[in-house]
Amino acid sequence: MNALELKDITFTYSKKTPFESTALSGVSAFFEEKKVNGLIGHTGSGKSTLVQMMNGLLKPDEGTVLLMGKDIWEEPKKIRQVRFRCGLVFQYPEYQLFEDTCEKDIAFGPRNMGLSDEEIRERVKSAAEFVGLDSSLLKKSPFELSGGQKRRVALAGVMAMEPSVLVLDEPAAGLDPIGRTEIFGGIRGYQRAKGNTVIIVSHSMEDVAEYCDNLTVLKNGRVLLKGSTGEVFMHEKELIESGLGVPQITRFVRLLREEGIDLPENIYTVEEALREVKRLLGERRGDNA
Amino acid sequence: MENPFIKLDDVSFSYESGEEGPVTVLLPPILKHINLEIAKGSFTAILGHNGSGKSTLAKLLNLILFPTEGKIYIDGKNITDENMTEDDVYEIRRKIGMVFQNPDNQLVATVVEEDVAFGPENLGIKPEEIRKRVDEALETVGMSAFKKHSPHQLSGGQKQRVAIAGIIAMLPECIVFDESTAMLDPKGRKEVMDTIERLNRENGITVLHITHNMEEAFRADRVIVISDGVISLDGTPQEVFSNVEKLRTVGLDVPQVTELLYELKSIGYDEIDYTETDELKCAKMLAEIIKRRGSGDPE
């Protein structure tokens, strides 16, 4: 089952003006339910436009957007409801905090959904836990926090609405390796606990390799590749031609294969590479014995 | 070091708490007694976790921030001297250019070549000279073909290269890149890294490159790791990345290939040299080990 399905989407900015530019031309993409779906593409490939289609911030010129099988534009007046079910976290969301305490900021979404005070408290608490935000920080002003902590507050604010689809645009941009691990760990923990669907947009091949179950690759407003993470990273040449790449470890495994080492082609994390190399070494050593 | 281009002598820095009151309250120091020398024409990568103080360090070098304690020398001149005039400060900012993270925050004009001319115009340079500098700068970053374009039509990597051209047009001796590749896609990163490397190798510009990307740091001559306001590692990329455990404790990673080789070495494959930085050489080394260990070689 697909949580989100976009069918033949066409979208042009500034239509009928000299600045007219087509961002998406007949894109069809689908994102699987209860999975962490990756969406990658070079700058200007149409990722951001596509993301804004997902919860109706932009309306396609042509084509349909199905959220859990239902056309989101069927009743345009109810589009606000769609935004509770498909939550969008933009790049650098820490700039969007506005309440005087972190707690209120996280509670803003659930409050707009009309939930009870008790339910809101529960949601705020659980969202803060997922993103690893210490409860002592909840009473503080967001402006007293570090950049990484603010990012977590913003993320928790969207998670607290418990949307069935959570879309994150570059959630770890600008964070150091530990910060990245914690943010992605939180997202994955949330996805597993709630059984929701997550869509991650990223420029970091290493990060999508580590955290995404499948990948959709956009190029010049079209879907270039779609498949499991391992399958997609087997297309090193096409990815490089599209302004992207593969994780260093995938490239390294290819070099090893070219040296005549019998490793599987679809390795994209250090963990897998280590396991395979060890197996090769152990197995062969076993043969000698 | 003889005649270092940059010299920090026991430099500390604390931000002000921002609380109103008769006395300025300082927050805990973000940089603590830093001593550092950077050679002219060198390419140094600076790594550190978020909040380690690396961006603060960069901002001290051209007096965007002023140290709380200690002295800073640029090209032998004490820029923290109280006799520094406003003109002296502008001269330092011309000598040491900075390129920041977000390309959209750095471009001011509506046409690429006008944006590049902005710096030299402010220096009061003659129009013919500006024309020449703008053309040369755009040529250096490989953006001549776009000089009449509007910046918003460019990709992230192209915008950053225009920002770099704007700095080059002021004929700096040193450029500090503060996470200038962080927001770019892999192609944009490569374009900018190639440009940085060329500026260093061909134009002799001293480069300080602040980054979270370990593969980028591998391209520098020297890597400095800052952790909690002090320099915790300093050496060639090979030397620094051989301290895998130490890097992990300060919240950093090593490149994936280094990690793989390090893990293999730590389970007993002593012949592995995980400080090798060339991917192809690493692959040949590991392939040879796998083949030998499997070929019945008596060991």
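Side chains included, hydrogens not; waters and symmetry mates left out as well; all remaining heavy atoms used. Numbered from 1 within each chain, the chains take letters A, B, ... in sequence-line order.
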Open item on the list: Need one label for B/Gln101: side chain, backbone, both or neither, based on atoms under 4.5 Å from any heavy atom in chain A.
Closed with: side chain
Open item on the list: With rounding to the nearest 0.5 angstrom, report the CD1 to CG distance, A/Ile178 to B/Leu252.
Closed with: 8.0 Å
- [ ] Under 4.5 Å heavy-atom distance to chain B, tell me which part of A/Ala273 shows up: side chain, backbone, both or neither.
- [x] both
Open item on the list: Please classify the contact of A/Gln91 with chain B as side chain, backbone, both or neither, using a heavy-atom distance under 4.5 Å.
Closed with: side chain
- [ ] Tell me, yes or no, whether the heavy-atom count around B/Lys284 atom NZ, taken from other residues, nucleotides or ligands under 6.0 Å, exceeds 12.
- [x] no
Task: For chain B, the option from A/Glu206, A/Glu170, A/Met205 that forms the most heavy-atom pairs under 4.5 Å - done: A/Glu206
Task: Atom CD of A/Glu20: over 12 foreign heavy atoms under 6.0 Å - done: yes
TODO: Answer whether the closest heavy-atom distance between the side chains of B/Lys291 and A/Ile261 falls below 4.5 Å.
DONE: yes
Task: Residues in ring-ring contact (aromatic ring centres under 6.0 Å, His included) contact with A/Phe98, at least two apart in sequence or another chain - done: A/Phe108
Task: Closest-packed option against chain A by number of heavy-atom pairs under 4.5 Å, given B/Arg189, B/Glu259, B/Glu263 - done: B/Glu259
Task: chain B interface, residue from A/Thr269, A/Leu244, A/Thr181, A/Thr43 that has the most non-hydrogen pairs under 4.5 Å - done: A/Thr43
Open item on the list: Give the interface residues of residues 211-219 of chain A toward chain B, defined by a heavy-atom separation under 4.5 Å.
Closed with: none
TODO: For chain A, find which of B/Leu260, B/Leu184, B/Asp253, B/Asn213 contributes the most heavy-atom pairs closer than 4.5 angstrom.
DONE: B/Leu260
Open item on the list: Rounded at 0.5 Å granularity, tell me how far OH in B/Tyr269 sits from NZ in A/Lys278.
Closed with: 9.5 Å
Task: Side chain, backbone, both or neither of A/Val277 within contact of chain B (heavy atoms, under 4.5 Å) - done: side chain
Open item on the list: Sort by residue number and list every residue of residues 222-234 of chain A having at least one heavy atom under 4.5 Å from chain B.
Closed with: none
Open item on the list: Could you go through A/Leu281 and B/Leu264, starting from their C-alpha distance and side-chain angles, then the distance that decides it, and tell me whether this counts as side-chain contact (heavy atoms from CB on, under 4.5 Å)?
Closed with: CA-CA 10 Å; A/Leu281 286 163; B/Leu264 287 170; 4.2 Å; yes
- [ ] Sorted by first residue and then second, give each ring-ring contact (aromatic ring centres under 6.0 Å, His included) pair with at least one member in residues 235-273 of chain A; sequence neighbours left out.
- [x] none
Task: Cationic N near anionic O, under 4.0 Å, B/Lys281 to A/Glu259 - done: no
